Amino acid sequence: MNRIKLSIAIPTLNRAQYLQFTLKHFIPQIEAVKEFTEILIVNNKSEDNTTEVVKEFIMKYDFIRFYDCTDRVTLGEQFKRTVAFSKGEYVILWGDDDLPAPFLVSYLLSEIEKCKNCGLFYFNRLVGYENGNPIKSLTVYNNYYQNIRTIYTNSTKFIADNFWGATFMSAVMFHREVWKRGLVFDTNEHYGFEFMGILYYGNKGGNIIYVNYPLCIQRKVAHRAWGTDWPKYSLLGLPNMSRDLEKEGLFDNGLNIWKKKYNKFPLFCYILMSAATNKKKYRKYCHQFTIYQDNIIRKFLIYIIIYLMPKWVYNLSRKILFNLKK
């Protein structure tokens, strides 16, 4: 009989430096409840020393499992196989650079016992910037506090309230059956956010618990393994997911909410500047990026920025952003 209640499932790619720091924060928590909890690490064919780092941990701790994959797959497929390798009744897809609160694991195990009819949990977090230790400018992601926890009986209301915040995977715990049900949903065009489409569809009609207390630290690091794909995720994956959730009755007016709240002009330009650092890759996406932009100025800027803006502009702006975080 499987006694594992919770899997901390970590998909990783070329992040050995961050991963070992994250594992050191989890290990003391899980040692006390290792009968019911596991750490699973799935390596997406890293080219750094990830394998060597993880092997040192698994020699010491029997609750850590490791799949050292020999093929590299997309982010969405990596998440799918990570969940498939996990054993827990509940799973968190944990970012390899994020840090748990000291009481996270015990708290989540208690929530699992108290709320057996709930398939999806989302919790608040601290956010900090890092270009090498220490983490700077820690802030609370959702700084509005009313209750310790809120139970949503309506997925549409939850998504409207937490659409962007809940795309942070380390703050989302889900029941395995929710994931299995959601796999039939076509998420092929939800680039980078396939996991959320799966969870929302799989939890259709089910309760969602939001915990307002911050239970982890989201580390915004200067160098991201998936950074070159960010423009595709933001300008295609998110609106595509909004559109499809709206069709399923899970996100009222979803596409318009994305346009008004998550496609604001400064962020839109910043994303295009990022795309301009890889012109060969993103010139072919220019037409697709225009589909969800409603005015001619934005459509024009997509071509101008991606085709003409020098790479150094984005690199300098990002460097300034991280240096400003004190």
Side-chain angles (χ1 to χ4, degrees), residues 1-13 15 19 22-23 25-27 29-46 50-51 53-55 57-58 61-100 104-113 115-116 118-123 166-185 187 192-203 206 215-216 225:
M1 180 180 176
N2 179 26
R3 299 186 65 189
I4 301 297
K5 294 288 185 183
L6 176 62
S7 291
I8 308 296
I10 307 176
T12 191
L13 171 62
R15 310 272 277 181
L19 177 61
T22 296
L23 292 175
H25 281 72
F26 265 117
I27 284 168
Q29 298 189 47
I30 295 180
E31 278 187 306
V33 289
K34 64 181 183 180
E35 290 180 80
F36 309 107
T37 313
E38 68 166 357
I39 296 176
L40 169 71
I41 303 161
V42 180
N43 186 14
N44 196 11
K45 198 180 179 182
S46 294
T50 293
T51 299
V53 166
V54 175
K55 283 183 176 179
F57 281 98
I58 61 178
Y61 305 103
D62 59 3
F63 51 81
I64 300 178
R65 295 192 299 120
F66 181 45
Y67 282 82
D68 198 8
C69 299
T70 57
D71 60 325
R72 182 172 296 175
V73 297
T74 64
L75 193 64
E77 290 303 312
Q78 169 73 340
F79 288 176
K80 286 179 182 179
R81 71 179 174 186
T82 300
V83 176
F85 291 148
S86 69
K87 295 180 177 179
E89 180 184 357
Y90 284 81
V91 181
I92 295 181
L93 282 165
W94 193 269
D96 52 15
D97 56 355
D98 300 317
L99 301 177
L104 172 71
V105 173
S106 60
Y107 182 86
L108 292 180
L109 288 173
S110 70
E111 286 291 287
I112 289 170
E113 289 304 308
C115 310
K116 295 182 181 294
C118 188
L120 198 58
F121 295 79
Y122 168 58
F123 46 86
T167 61
F168 174 60
M169 66 182 189
S170 299
V172 179
M173 180 175 72
F174 54 89
H175 196 284
R176 179 172 298 279
E177 291 303 314
V178 168
W179 182 267
K180 288 180 179 178
R181 290 194 299 268
L183 288 173
V184 301
F185 188 41
T187 60
F193 298 99
E194 295 91 342
F195 74 103
M196 288 310 304
I198 291 169
L199 291 176
Y200 287 141
Y201 187 86
N203 196 60
L215 297 179
C216 69

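Hydrogens, waters and symmetry mates are skipped; everything else that's a heavy atom, side chains included, is used. Every value quoted in this text rests on a predicted model; they were computed, and no experiment measured them.
The aromatic rings of Y90 and F121 stand perpendicular to each other, their planes meeting at an angle above 60°, with 30° marking the opposite boundary. Ring geometry for F79 versus F195: interplanar angle over 60°, hence perpendicular rather than tilted (30 to 60°).
Contact check for I198 versus W179: side-chain heavy atoms found under the 4.5 Å cut-off. No side-chain heavy atom of H25 sits less than 4.5 Å from a side-chain heavy atom of C216. Between L75 and F193 there is no side-chain heavy-atom pair separated by less than 4.5 Å. Within the 4.5 Å cutoff, the side chain of T51 has heavy atoms near those of the K55 side chain. Between N44 and V73 the shortest side-chain heavy-atom distance falls below 4.5 Å.
Distance alone, capped at 3.5 Å, places no donor-acceptor pair between the E31 side chain and the Q29 backbone. For the pair R72 (side chain) and K45 (backbone), a donor-acceptor distance under 3.5 Å is present. Remark: side-chain polar atoms of T22 are paired, donor with acceptor, to backbone N or O of D96 under 3.5 angstrom. A donor-acceptor pair under 3.5 Å is absent between the side-chain atoms of T37 and the main chain of K34, judged by distance alone.
Using a cutoff of 4.0 Å between basic side-chain nitrogens and carboxylate oxygens, E38 and K87 are not scored as salt-bridged. Taking the charged nitrogens against the carboxylate oxygens, R15 and D97 do have a contact shorter than 4.0 Å, which makes a salt bridge.
K180 pairs by the side-chain contact (heavy atoms from CB on, under 4.5 Å) definition with R176, E177, not counting sequence neighbours. Qualifying ring-ring contact (aromatic ring centres under 6.0 Å, His included) partners for F26, counting only residues two or more places apart in sequence or in other chains: W94. With sequence neighbours left out, the side chain to side chain donor-acceptor pair (under 3.5 Å) criterion links S46 to N43.
Here the straight-line distance linking atom OG1 of T12 with atom CG of L23 works out to 9.0 Å at 0.5 Å rounding.
Each of I39, L108, V91 was scored for a side chain to side chain contact (heavy atoms under 4.5 Å, CB included) with L6, with one residue passing: L108.
Across F168 and D98, no two heavy atoms sit closer than the pair CE1-OD2, 3.3 Å.
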